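Input: a single structure, listed below in structure tokens.
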Amino acid sequence: MRRDKPEVALRHRSPESDQEPLLDGHQHEALLGANFSHPAIVAATELFERADGVVIGTPVYKAAYSGLLKSLLDLLPQFALTGKTILPLATGGTTAHVLAIDYALRPVLTSMGADHIVQGWFVLDRDITVHEDGTISIETRTDETLSRLIDQFSTATGRTPRLATAG
């Protein structure tokens, strides 16, 4: 993961998918320039239309979600989240930003028509490690909590939970 470029990753799961980002840092000009006709923006909009559930992840800066996420949400139709279940996730450097999901992000998701916003989770940056090879590891307690939230999200979307905590 490069820290010198803005990055938004929109991933989807399908039998044909290899989990490559639909949008990443290379399309930031399309996001910031509000280029509705850019192929990646068109594909992202179509993906939102087909989704039963959406995981929204963002770093928190100055008690708010990222500008690139804001740009993406601005390019989607007004009620793009109607009928969707949403799992909001956020990272940040201090617990002072822990309420950003509820007070900054949740109102926007609600205004876009989200039917159900499951309990979100805020993860401190120090609990996430990005290794030299690009892999990411998460502190054990955080990983266990995220696994439970993902199971709840899967259940809320009518899917069988794929991640189960050992127990």
Side-chain angles (χ1 to χ4, degrees), residues 1 3 5-14 17 19-28 30-32 34 36 38 40-125 127-128 130 136 138 142-143 145-159 161-163:
M1 177 183 294
R3 301 262 183 212
K5 289 202 173 208
E7 190 166 337
V8 171
L10 179 60
R11 299 177 189 275
H12 68 287
R13 286 186 182 217
S14 69
S17 173
Q19 296 293 315
E20 287 300 311
L22 186 59
L23 293 173
D24 62 25
H26 300 291
Q27 287 89 18
H28 66 275
L31 285 169
L32 296 176
F36 288 87
H38 189 282
I41 302 300
V42 171
T45 301
E46 291 169 355
L47 184 59
F48 272 87
E49 288 173 6
R50 292 192 316 266
D52 295 321
V54 179
V55 177
I56 302 281
T58 182
V60 174
Y61 302 112
K62 304 207 186 275
Y65 53 93
S66 76
L68 283 178
L69 176 57
K70 170 82 166 92
S71 295
L72 173 62
L73 296 175
D74 286 348
L75 291 176
L76 295 174
Q78 172 63 43
F79 297 107
L81 300 179
T82 298
K84 314 289 184 221
T85 298
I86 310 297
L87 171 59
L89 303 173
T91 62
T94 173
T95 56
H97 299 301
V98 75
L99 294 176
I101 290 175
D102 289 329
Y103 291 102
L105 188 55
R106 187 177 297 268
V108 173
L109 301 175
T110 300
S111 76
M112 293 181 73
D115 279 4
H116 182 56
I117 303 172
V118 299
Q119 177 185 350
W121 189 250
F122 179 86
V123 179
L124 288 170
D125 291 344
D127 293 338
I128 301 170
V130 180
I136 298 172
I138 302 172
T142 299
D143 187 42
T145 301
L146 285 172
S147 291
R148 282 193 306 275
L149 290 173
I150 292 168
D151 280 350
Q152 291 170 4
F153 172 71
S154 294
T155 300
T157 60
R159 305 279 187 229
R162 292 188 175 169
L163 302 174

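Note that these values count all heavy atoms, side chains included, but never hydrogens, waters or copies made by symmetry. Note that the structure is predicted; figures quoted are calculated from it, not measured.
Contact of the Leu87 side chain with the Ile56 side chain is not registered, since no non-hydrogen atoms from C-beta on lie closer than 4.5 Å. Contact check for Phe48 versus Val54: side-chain heavy atoms found under the 4.5 Å cut-off. Between Thr85 and His116, some side-chain heavy-atom pair lies under the 4.5 Å cut-off. The side-chain heavy atoms of Leu81 and Leu109, taken from C-beta on, include a pair separated by under 4.5 Å. Between Val60 and Thr91 the shortest side-chain heavy-atom distance does not fall below 4.5 Å.
Listed here is the closest heavy atom pair of Thr94 and Phe122: O-CZ, 3.4 Å. The two atoms that bring Ala63 and Ala104 nearest to each other are O-CB, 4.0 Å, heavy atoms only. Across all non-hydrogen atoms, the minimal contact from Ser66 to Thr58 is N-OG1, 2.9 Å. The heavy-atom pair separating Ala30 from Leu75 by the smallest distance is O-CD1, 4.0 Å. The two residues Asp115 and Gly83 come nearest to each other via the heavy atoms OD2-CA, 3.0 Å. Contact record, Ile101 with Gly120: CD1-C, 4.2 Å, taken as the closest heavy-atom pair.
Taken to the nearest 0.5 Å, the CG atom of Leu68 stands 11.0 Å off from the CG atom of Leu73. Rounded to the nearest 0.5 angstrom, Ile117 CD1 and Phe153 CZ are separated by 11.5 Å. Atom CG in Asp102 sits 9.0 Å away from atom CD in Gln119 (nearest 0.5 Å). Taken from NE2 in His38 to OG1 in Thr45, the straight-line distance is 12.0 Å, to the nearest 0.5 Å. For the atom pair CG of Leu76 and CE of Met112, the computed distance is 4.5 Å after rounding to the nearest 0.5 Å. Expressed to the nearest 0.5 Å, how far OG1 of Thr142 lies from CD1 of Ile128 amounts to 8.0 Å.
Put simply, the side chain of Glu49 never gets that close to the backbone of Ala44: no donor and acceptor are under 3.5 Å apart. Formation of a donor-acceptor pair under 3.5 Å by the Lys70 side chain with backbone atoms of Tyr65 is not found in this model.
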- Item | Leu124/Thr95 under side-chain contact (heavy atoms from CB on, under 4.5 Å): CA gap, chis, key distance, verdict | CA-CA 7 Å; Leu124 288 170; Thr95 56; 4.1 Å; yes
